[in-house]
Amino acid sequence: MADIQKLIRRHLLQLKPYSSARDEYTGWEGVFLDANENALGTVGGGDYNRYPDPYQSAIKAELQSIKHVDPANIFLGNGSDEAIDLLYRAFCEPGEDEVLLLPPTYGMYEVSANINHIRTKTVSLTSDYQLNLPAIREAVTGQTKMIFVCSPNNPSGNCMRREDIVALLDLAPGLVIVDEAYIDFCPENTLLPLLAEYPNLVLLQTFSKAWGMANLRLGMAFAHREVIEILNRIKPPYNVNGLTQQLALKALQNRVEKEEMVAEILRQREYLERELAKLELVEHIYPSDANFLLVKVAGANQLYQDLIEEKVIVRNRSRVILCDECLRITVGTVEENLRLLAALTQISNR
Ligand SMILES: *Cc1c(COP(=O)(O)O)cnc(C)c1O
């Protein structure tokens with residue numbers, strides 16, 4: 001089992017982090033003359049003249065009661081993308097370490113590896129978009145610091161089998177990052193309960209999808225406290241702005257609204273699936289646990305362009321491994337889904 005301290009990049013073990021004014025004095029009452037803020041207020045109105053809480057304790061307290069995870073096991077970032085970048089910077093030595101990616105998968109894992117000059121190895125998923133454990137076992141080396149698993153997977157939409165991820169946790173010499181960006185659409189599949197058992201498990205979740213807050217940029221990482229500690233140590237001090245914190249807190253207090261939206265999106269997904277299946281140009285619809293469908297069509301590139309002409313924009317995934325002739329379609333509102341179906345009918349009748 002991985003020893004977190006041994007996985008952290010050596011030069012960071014001694015790092016003395018930036019100590020902000022809000023680190024040195026943590027109360028909220030008093031006369032604050034310590035951070036060179038504008039005490040008079042905010043130009044243009046609003047209440048934004050003070051630096052935000054660097055550790056977002058109010059949100060973490062709320063997450064603790066919802067997800068039953070201690071705040072010491074929670075990191076919040078400027079989108080999950082920031083957490084991904086910080087994981088590379090905390091654990092992977094440029095030009096030395098490597099990470100394992102399992103395509104077809106979310107593109108940021110590779111982009112972030114390239115930015116940080118970390119070698120990537122790939123083992124593609126099986127034809128039914130599950131983990132290819134024997135091939136992964138072959139590919140793993142002592143330098144494999146992180147393995148990225150996306151579940152539900154973007155772009156295929158399905159969850160990985162839980163027992164396969166557990167096998168991966170047992171065989172990995174480093175961290176296993178499980179990206180649960182879409183987990184709110186199939187909450188029963190979360191691996192959060194495994195956190196206590198596996199110090200090498202890092203779970204990523206986000207406010208960008210089911211919570212409807214993509215614009216605000218807020219991502220969560222749940223992990224062993226030593227993993228969270230190093231992420232906090234190297235992050236920019238005020239990485240989550242105050243407005244985002246305030247609105248996320250409000251969202252967390254409106255969970256019923258989120259559940260209703262999720263239920264409606266799932267109903268619409270089923271409707272779309274049924275209607276798409278009736279179309280001749282649709283060859284296959286992959287089972288989805290998320291808020292989108294991967295759809296195999298006759299002539300994906302042409303159909304993608306034809307849809308754009310009808311002012312319906314989907315994602316063309318046809319150049320991605322194991323996604324030949326596939327479009328990824330996000331579930332929209334009732335009206336948007338009808339527009340999509342009308343456009344498809346129009347195109348097929350030409
Ligand atoms: C959308 C998405 C995210 C979200 O990233 P944010 O930076 O939190 O917006 C993360 N992972 C996957 C697989 C996604 O599809």
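Just follow the structure's listing: the first ligand is 1, and inside any ligand the first atom is 1. All values below were derived from every heavy atom in this structure, side-chain atoms included, with hydrogens, water molecules and symmetry-related copies excluded.
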Could you find the nearest protein heavy atom to atom 12 (C) of ligand 1 and give me its residue, atom name and distance? Asp179 OD2, 3.4 Å
What do you reckon, is CG of Asp47 surrounded by more than 12 foreign heavy atoms closer than 6.0 Å? no
May I have the list of side-chain donor-acceptor pairs in residues 138-147 shorter than 3.5 Å, sequence neighbours left out?
unit_1, atom_1, unit_2, atom_2, d
Thr141, OG1, Glu98, OE2, 3.0
Thr141, OG1, Gln143, N, 3.0
Gln143, NE2, Asp97, OD1, 3.0
Thr144, OG1, Thr141, N, 2.8
Thr144, OG1, Thr141, O, 3.1
Lys145, NZ, Leu7, O, 3.1
Lys145, NZ, Phe91, O, 2.9
Lys145, NZ, Asp97, OD2, 3.0

With a 4.0 Å heavy-atom cut-off (strictly under), which part of Arg217 contacts ligand 1: side chain, backbone, both or neither? side chain
What residue and heavy atom of the protein are closest to atom 9 (O) of ligand 1, and at what distance? Ser208 OG, 2.6 Å
At less than 4.0 angstrom from any non-hydrogen atom of Tyr182, what atoms of ligand 1 do you find? 1 (C), 14 (C), 15 (O)
Pair listing, salt bridge (Lys or Arg N to Asp or Glu O under 4.0 Å) test, anchored in residues 223-233, at least two apart: Glu229-Arg233
Please answer whether the main-chain N or O of Leu272 pairs with a side-chain N or O of Asn337 as donor and acceptor at a distance below 3.5 Å. no
Element-labelled atoms of ligand 1 that are located less than 4.0 Å from some non-hydrogen atom of Ala181: 2 (C), 3 (C), 10 (C), 11 (N), 12 (C), 14 (C)
Location of contacts on Phe207 toward ligand 1, heavy atoms closer than 4.0 Å: neither
Report the part of Lys209 in contact with ligand 1, treating N, CA, C, O as backbone and CB onward as side chain, heavy atoms under 4.0 Å; options are side chain, backbone, both, neither. side chain
Would you say the side-chain atoms of Asn49 and Glu37 include a donor-acceptor pair closer than 3.5 Å? no
Ser80 and ligand 1 - part of the residue with a heavy-atom distance under 4.0 Å: both
Where ligand 1 meets Cys150 - atom numbers and elements under 4.0 angstrom, heavy-atom basis: 13 (C)
Is the side chain of Thr206 donor-acceptor paired with the backbone N or O of Ser208 at a distance under 3.5 Å, no angle test? yes
Under 4.5 Å between side-chain heavy atoms, hopping through other hydrophobics if needed: is there a path connecting Val314 to Val320? no
